[in-house]
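The structure appears below as structure tokens.
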Amino acid sequence: MLITPIVTSPARVRRFPPLSALIVGLRSSRPQIIRQREQRDGDTFHASQGSGGIHPLPPSILNHQGSAGTVCRAATFSEFAAASRSRSVSRYPLASRMRHATLPSAGRLFPAPGGYYYVDSEWGTLKEVLLASPEHLSLVPCNAVSIEAVRRGLASCSTRSAEQHRAMAAALTKAGVDVHLAPAMPGMPDLAFTRDTSLMTPWGLVGLRPGALHRRSEVDVVLRAAARSGVPTAGRVESGQVEGGDICLLRPGVVVIGVSGVRTDAAGAEALGAMFKIRGWTVITTEIDARLLHLDTHFCMLDQNLALGCTERLDPAFLAEVAGLGVKVIPVHLDEVSALGCNVLALGQRRIISPGTAPRIDEAVRRLGFEVITVALDEFTRCGGGVHCLTMPLRREAGSFGRT
Ligand SMILES: NC(=[NH2+])NCCC[C@H](N)C(=O)O
């Protein structure tokens, strides 16, 4: 079967209705799709499905100079109509304004066919993020932290998890981040951890392939929700397994993939890594301890040259490589990792959101001049995920060097 991604120009993307209008009710969204369906000859391409690995974009649009636009998945009108009927998307605090992205400029290291939606680092100023409703959250004993929580007799409380999730969304909004919310899905107890199902790149959103089988069907839900917001899809990993918590866009041009063999394996890392390599990125794979679940529980970027890391567990060769790239690692202890205290979200401009479970780390980061915003997330941390796992950035300002 052939699929035909649709191409729009950045200028068209700029004219999209405000995201707040798209999210709350999506009443004005049909024109957006109509605009996406306008194709420009020469920029259209076909990618075959079912060939294994990831569907790459054609070389003709790689190394693109930033003028030809955005590659979009053609969302069907029925998807769009379904989205406009959805009620659950309207409950969150949303930024009423829409600040448009700085679109790709000549000076950019990786000009962006992805256009408006764009992420090339873990620390560029965060502008838009995708969350998913925790309505069906439950404590699945599928990682060391959640197994221990179940052993201690803990359970999930839907009222508290909803409150904490809303408070996190409110903190994001207050920090100038627009929030998109995927609807709840019965039978998907870990859906709220949107980080793991997909990855936003400079070229569009990539669907991942979770190693946890109970999470695999989450990918379609998240991709559909993103498509309703007009986020272009760049491809999908179709071999091996790879979860977003194991991926770190260390800086523009360097991606790290943690391989535990359980959630992310070598085949999945290779499939995803190929997408970056073909665009000239350096792909660093590092073996991680499966008991720590994901890379992002024990290695998280705070800023362009600063990270939190569990130096007692990370591979010394990886730490040496990171040091060679000029990134300083603030050591975190294993008990802080288990408390998800290392699993923080960089907002850019020296601001982070932290679950506040490791005061020593928060204090150390504050002393470095960061604003540390804490949100209570114990309903989620007992499931093995914190604020980094609960957020999937859709748009960050392009990472730029030279700043300290
Ligand atoms: N990126 C992360 N660390 N995600 C945490 C996911 C937690 C979830 N209960 C799971 O085990 O899949």
Side-chain angles (χ1 to χ4, degrees), residues 122 129-151 154-156 161 164-165 168 182 185 187-200 206 208-219 221-222 241-249 255-265 268-269 272 286 288-301 308-310 313-314 332 334 336-346 353-355 357-358 377-393:
E122 289 276 331
V129 80
L130 180 74
L131 311 182
S133 164
E135 199 174 317
H136 300 288
L137 181 81
S138 75
L139 191 48
V140 184
C142 59
N143 61 64
V145 169
S146 60
I147 289 169
E148 175 59 14
V150 170
R151 197 192 61 75
L154 299 178
S156 295
S161 54
Q164 292 185 350
H165 201 258
M168 180 184 73
M185 281 289 164
M188 297 192 189
D190 278 324
L191 180 66
F193 299 105
T194 46
R195 174 73 58 167
D196 297 324
T197 50
S198 51
L199 173 76
M200 191 64 199
V206 178
L208 302 175
R209 197 159 189 270
L213 293 181
H214 75 281
R215 302 202 56 189
R216 216 163 259 184
S217 51
E218 293 173 20
V219 179
V221 175
V222 169
Q241 48 195 60
V242 57
E243 298 193 356
D246 284 324
I247 306 163
C248 170
L249 300 178
V255 60
V256 180
I257 308 177
V259 180
S260 66
V262 176
R263 294 307 186 92
T264 295
D265 64 9
L272 181 72
T286 179
I288 61 164
D289 185 337
R291 288 169 299 183
L292 303 185
L293 180 63
H294 285 134
L295 180 69
D296 70 355
T297 63
H298 58 299
F299 182 81
C300 254
M301 294 300 289
L308 294 175
C310 185
R313 284 301 161 94
L314 288 161
V332 303
L334 210 46
E336 294 168 328
V337 168
S338 309
L340 277 301
C342 179
N343 188 263
V344 299
L345 178 71
I353 299 186
S354 147
T357 53
L377 289 171
D378 53 279
E379 287 292 331
F380 301 94
T381 54
R382 70 180 53 162
C383 300
V387 60
H388 192 264
C389 319
L390 288 165
T391 49
M392 202 272 285

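In listed order, ligands and their atoms are each counted from 1. Reckoned from all heavy atoms, side chains included, excluding hydrogens, waters and symmetry mates.
Two residues are said to be in side-chain contact when any heavy atoms from C-beta on lie closer than 4.5 Å; His388 and Glu122 meet this criterion. Taking the side chain as every heavy atom from C-beta outward, Asp378 and Thr357 never approach each other to under 4.5 Å. Counting heavy atoms from C-beta on, the side chains of Arg263 and Cys142 come closer than 4.5 Å. Residues His214 and Asp190 form a side-chain contact, since some pair of their non-hydrogen atoms from C-beta on lies under 4.5 Å apart. Pro393 places a side-chain heavy atom less than 4.5 Å from the side chain of Arg195.
Proximity to Gly385 (heavy-atom distance under 4.0 Å) selects the following atoms of ligand 1: 5 (C). Remark: ligand 1 atoms within the under-4.0 Å shell around heavy atoms of Asp296 are 1 (N), 2 (C), 3 (N).
Below 3.5 Å of separation, one finds no N or O of Arg195 facing any N or O of ligand 1. Considering backbone and side-chain N/O atoms, His294 comes within less than 3.5 Å of an N/O atom of ligand 1.
Residue Val140 does not touch ligand 1, judged by heavy-atom distances below 4.0 Å. With a 4.0 Å cut-off on non-hydrogen atoms, His388 does not touch ligand 1 at all.
Here atom 11 (O) of ligand 1 lies nearest to Arg263 when heavy atoms of Glu218, Arg263, Arg215, His214 are compared.
Among Ile288, Ile247, Ile257, the single residue meeting the side chain to side chain contact (heavy atoms under 4.5 Å, CB included) criterion with Leu295 is Ile288.
Residue contact annotation: Ala212 has no non-hydrogen atom under 4.0 Å from ligand 1. In this structure, Glu243 falls outside the shell of residues with a heavy atom less than 4.0 angstrom from ligand 1.
Glu379 and His165 are not linked by any side-chain donor-acceptor pair at a separation below 3.5 angstrom, with hydrogens and angles left out of the test.
Nearest protein heavy-atom neighbour of atom 7 (C) of ligand 1: Cys383 O, 3.6 Å. Among protein heavy atoms, the minimum distance from atom 4 (N) of ligand 1 is reached at Asp196 OD2, 2.9 Å.
Ionic pairing of Arg215 and Asp196 is present here: one or more N-O contacts between side-chain nitrogen and carboxylate oxygen are shorter than 4.0 angstrom.
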